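Here is the structure we will look at.
In what follows, every heavy atom counts, from backbone to side chain, and hydrogens, waters and symmetry copies are set aside. Here the structure is a predicted model, which is why all the values come from computation and not from measurement.
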Amino acid sequence: MTSEQLEILATAFGLLQGILVMLNKRSNWIIYVIQLGFLIAFSYVNGLYGDMVQSGIMVGICAYAFMQWGNPESAISYLKPSHAITVSALVIVGTLVGYAILAQTDDPLPHLDSFTTVTTFVAIALMALRKIEAWIVWFINDIAYIVEYYMLPDQAVYLLALYIIWTVMAVLSFLNWTREYNKRGGNI
């Protein structure tokens, strides 16, 4: 498959997954794994090694999340303030370490690739745990991916468009999850 074909398939499955997760549907994790397969191939073809490794690891996280979301005790909640500080520190340190590694490769955008890789891991972990802050991290991540895909030597226009849509969906998901949380009485 060509880079463009992989990009189109990743985009299509990404849109479907985004809709399903926004609606808080457990099946989103199955579609996510399919999308990740196309993203791994796309990232390899375009030399985005951080994104490629990240997508491979995320397949395992998706399996965990699928099981977690099937647990009747799994409910939408907020992070404790101390955990939010820890998460922020992880993003900063992880991005610096990732950049140091990716700068040694032919990665065309090691700074952005590192940041998007780290924030994706953080966001999906928070999403798997059903933490509302996942959507704040996804929003920031989506903006960074828009910049990354725009700056690629061969712009990834379909994925760029997907991330524009996902940015809007992150806001809508944040609002939906907050509404669900408040319906339950809003206990942290």
Without swapping roles, check the side chain of [X] against the backbone of [Y] for a donor-acceptor pair under 3.5 Å.
X      : Y      : value
Gln68  : Leu129 : no
Glu7   : Phe42  : no
Asn71  : Glu73  : yes
Ser74  : Gly70  : no
Thr116 : Asn141 : no
Ser55  : Met52  : no

Less than 4.5 Å apart, side chain to side chain, heavy atoms only: is that true for [X] and [Y]?
X      : Y      : result
Val87  : Glu133 : no
Gln35  : Leu16  : no
Trp138 : Met169 : no
Pro110 : Thr105 : no
Arg179 : Asn176 : yes
Ile140 : Val91  : no
Tyr181 : Tyr78  : yes
Val157 : Glu4   : no

Verify the cluster assignment for [X] and [Y]: are they in a single hydrophobic cluster under the rule of side-chain heavy atoms below 4.5 Å apart?
X      : Y      : value
Trp166 : Met151 : yes
Ile40  : Tyr145 : no
Met67  : Ile34  : no
Ile143 : Leu162 : yes
Tyr99  : Val147 : no

Determine the minimum heavy-atom distance between [X] and [Y], stating which atoms define it.
X      : Y      : result
Ile124 : Met58  : CD1-CE, 3.5 Å
Arg184 : Ile76  : NH1-O, 2.7 Å
Gly47  : Pro108 : O-CD, 3.9 Å
Glu148 : Leu109 : O-CD1, 3.4 Å
Ser114 : Gly94  : OG-O, 3.9 Å

Measure the spacing between [atom1] of [X] and [atom2] of [Y] and express it to the nearest 0.5 Å.
X      : Y      : atom1 : atom2 : result
Cys62  : Asn28  : SG    : CG    : 7.5 Å
Leu79  : Ile85  : CG    : CD1   : 11.0 Å
Ser88  : His83  : OG    : NE2   : 12.5 Å
Ile132 : Asn182 : CD1   : CG    : 7.0 Å
Ile136 : Ser173 : CD1   : OG    : 12.5 Å
Phe38  : Leu159 : CZ    : CG    : 12.0 Å

Does the pair Val21 and Trp135 meet the rule for a side-chain contact (heavy atoms from CB on, under 4.5 Å), with working shown?
-> CA-CA 11 Å; Val21 74; Trp135 300 110; 3.8 Å; yes
Less than 6.0 Å separating the ring centroids of Phe139 and Phe174?
->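 Ring-ring flag for Phe139/Phe174: false, centres at least 6.0 Å apart.
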According to the ring-ring contact (aromatic ring centres under 6.0 Å, His included) rule, which pairs have a member within residues 45-77, sequence neighbours left out?
->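 Listed by first then second residue: Trp29-Trp69, Trp69-Trp177.
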Check each of Thr120, Asp113, Thr119 against Thr117 using the side chain to side chain contact (heavy atoms under 4.5 Å, CB included) test, and report the only one that passes.
->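 Considering Thr120, Asp113, Thr119, a side chain to side chain contact (heavy atoms under 4.5 Å, CB included) with Thr117 is found only for Asp113.
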So does Tyr158 have more than 12 non-hydrogen atoms from other groups sitting under 6.0 Å from OH?
->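 No - once you tally the heavy atoms of other residues, nucleotides and ligands closer than 6.0 Å, there are 12 at most.
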Residues two or more places apart in sequence or in another chain: which of them pass side chain to side chain contact (heavy atoms under 4.5 Å, CB included) with Leu160?
->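 Counting only residues at least two positions away or on another chain, Leu160 forms a side chain to side chain contact (heavy atoms under 4.5 Å, CB included) with Ile146, Tyr149, Tyr150, Ile164.
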